Amino acid sequence: TTPSGCAMAVPMETLPQAQNEIFFQDLRGLLVEMAHQSLEGKPPEMTEDEYFEHLEPILNTLASDCVVKQPENLKSFVQQWVEDKHNDQKAMEGVSPFGRLAMQRWKPKDFMEESPELQGLRQEHGFLQEVLQSSERGRKVFHAVQQRDRTGLLSLLEPAQESLIVPLQTQPAQRGFSALHYLGKILRSLRHEGITSASAAFTYFSPDQDWTIPVPRMKLQLRRMQVLNGDEINQLLQYLDTSGLGRVSYRPFRTAVAEFLAISRDFHSALSPEEFNAILCRIQARLQRTGMTFSEAMREAEGKNSLPGSQFMQSLRNLRLGLSNKEVAQIFNSLSANSFRVAGTTHLPNPVQNGQVSVVLFEALLEKSALENKLQDWAMAAFPRLREILGDEEAVQSALRNHAEPPLRQYLPFTGFAALLTDADPGITSAEIARLWCVLEKDDFSDEPLVRFEEFLQWINAEAPRVKSKKDHVFT
């Protein structure tokens with residue numbers, strides 16, 4: 001996706017999964033960098049979208065050639081590609097004057113040199129790989145990271161029961177992973193009792209009037225659940241008692257629940273019909289920007305009109321439609337449970353029949369859902385009011401950086417998004433946060449749900465229907 005939100009089609013080739021992801025992350029990053037560099041020379045009278053129309057054919061051709069060749073040194077290949085195109089008079093005949101101007105900005109060698117930040121990250125990666133490869137356990141950890149195997153990685157990071165050489169307090173990151181794993185066990189147990197929200201789960205442990213739970217009381221109730229052993233209960237409570245005062249507050253508890261949901265592959269919170277509809281509207285909008293229908297995109301990718309559930313979900317990921325892995329799973333779960341119905345879609349057949357997903361029926365659902373999106377309308381009013389509370393552009397950027405995903409801090413994870421909204425409006429509910437999260441496009445190349453700063457800024461910088469004071473509730 002370009003800085004202005006336009007989509008660049010990058011063909012998919014058969015690569016090992018880990019290699020595939022790394023290659024496309026590097027390629028995407030380089031293309032975005034080139035687009036940004038080009039926009040610096042944009043004539044002031046042109047919009048970014050108008051200017052990008054001249055760049056898109058060039059970048060698409062470059063992306064296709066990169067995928068076909070799969071060069072070992074991507075930057076060197078791109079630099080040579082640009083040089084060859086400049087020297088090929090026939091190839092340049094179809095390039096507009098603005099496109100040629102952009103290509104001139106790609107020629108300097110220093111543009112293709114890595115930034116100090118990226119060089120530092122590569123050095124850190126090399127050092128980490130060298131250290132991990134020195135032991136059997138380290139090699140397993142590195143392999144799990146390469147395969148994006150979160151479950152395997154978490155199990156490897158669990159504290160070994162037979163080894164107490166390293167004190168637990170020296171392993172905060174490991175304790176965090178373990179605590180979220182234990183919290184997941186509690187949430188699964190509560191789900192069997194019909195408790196499916198963070199607030200309901202917190203209420204289960206009988207909070208006091210100040211909306212906090214004494215640690216001894218919560219420990220007793222956790223023991224009665226018979227889900228965790230004593231050590232696991234202690235680790236979980238240490239993680240939840242962020243103040244160290246012997247009490248668990250609701251806000252850290254809710255944050256921990258959000259963190260667990262963000263990393264869980266099998267515990268996908270259910271979408272409301274309105275949230276499902278909002279995500280489908282995002283898919284339809286993304287497809288319209290590419291000039292393709294869903295059937296055309298799937299036919300080009302799969303060549304089939306009906307797919308098994310697992311293959312359908314993988315195809316949604318491969319199409320790069322701005323969906324997180326969790327959202328892909330939630331879409332299929334909603335279809336399977338037949339819980340997605342909103343006004344105007346009740347007469348449509350369910351695309352899932354006998355475990356197969358009909359591409360044609362799903363496309364019909366997409367088209368019908370796009371006709372009415374009440375959640376998007378609500379969000380278009382809510383986000384600008386959030387801007388009024390956050391303040392000027394500098395304050396907004398500061399808030400984004402404070403809650404962004406390290407180390408690059410260009411994306412918001414769900415936990416950072418929830419914390420940003422809660423800091424701005426302590427009265428916001430978990431349901432409202434989830435609804436706003438649904439309307440935002442997610443990064444295509446990340447295993448975890450991440451929202452680009454540009455996407456967030458696009459929403460909050462829209463014209464607000466009315467101005468509210470800082471003391472007002474944003475979402476009423």
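Just the heavy atoms: all of them, side chains too, but no hydrogens, waters or symmetry mates, feed the values below. Note that this is a predicted model, so its numbers are computed, not measured.
- Using a 4.5 Å cut-off on side-chain heavy atoms (C-beta onward), L323 and R317 make no contact.
- Residues L436 and L375 fail the side-chain proximity criterion, which asks for heavy atoms closer than 4.5 Å.
- For E432 (side chain) and T429 (main-chain N/O), a donor-acceptor pair under 3.5 Å exists by modelled atom type.
- Under 4.0 Å is where a charged nitrogen must lie from a carboxylate oxygen, and between R282 and E327 at least one such pair does.
- Side-chain atoms of E232 never come within 3.5 Å of backbone atoms of Y182 as a donor-acceptor pair (strictly under, hydrogens ignored).
- By the 6.0 Å contact criterion, CG on D423 is enclosed, its count of non-hydrogen atoms from other residues, nucleotides or ligands being greater than 12.
- A distance of 6.0 Å separates CE in M218 from CG in L236, rounded to the nearest 0.5 Å.
- Looking only at side-chain heavy atoms (C-beta outward), W459 and L386 stay at 4.5 Å or farther from each other.
- For F362 and F294, the gap between ring centers is short of 6.0 Å.
- Distance CG/N277 to CG/L366: 10.0 Å, rounded to 0.5 Å.
- Take D208 and apply the side chain to side chain contact (heavy atoms under 4.5 Å, CB included) test, not counting sequence neighbours, and it matches D210, P214, R217, R247.
- In this structure, F332 and F312 have tilted ring planes: the angle between them lies in the 30° to 60° band.
- Distance check, rounded to the nearest 0.5 Å: CD1 of I433 to SG of C438 gives 12.5 Å.
- R435 is not listed as a side-chain neighbour of E274, based on a closest heavy-atom distance of 4.5 Å or more.
- Here CE of M292 is found 8.5 Å from CG of L319. Values are rounded to the nearest 0.5 Å.
- Ring-plane geometry between F205 and F253 is classed as perpendicular, the angle between the planes exceeding 60 degrees on a 0 to 90 degree scale with a lower cut at 30.
- Between E441 and R286, at least one side-chain nitrogen of the basic residue sits less than 4.0 Å from a carboxylate oxygen of the acidic one, meeting the salt-bridge criterion.
- Going from atom CD of Q284 over to atom OG1 of T293 covers 8.5 Å, rounded to the nearest 0.5 Å.
- Taking the six-membered ring for Trp and thresholds of 30 and 60 degrees, Y250 and F202 have ring planes more than 60 degrees apart, a perpendicular arrangement.
- Taking the six-membered ring for Trp and thresholds of 30 and 60 degrees, W437 and F414 have ring planes more than 60 degrees apart, a perpendicular arrangement.
- Considering CG of L183 and CG of L190, their distance stands at 9.0 Å, rounded to 0.5 Å.
- Every side chain to side chain contact (heavy atoms under 4.5 Å, CB included) that S358 has, sequence neighbours left out, goes to V360, L361.
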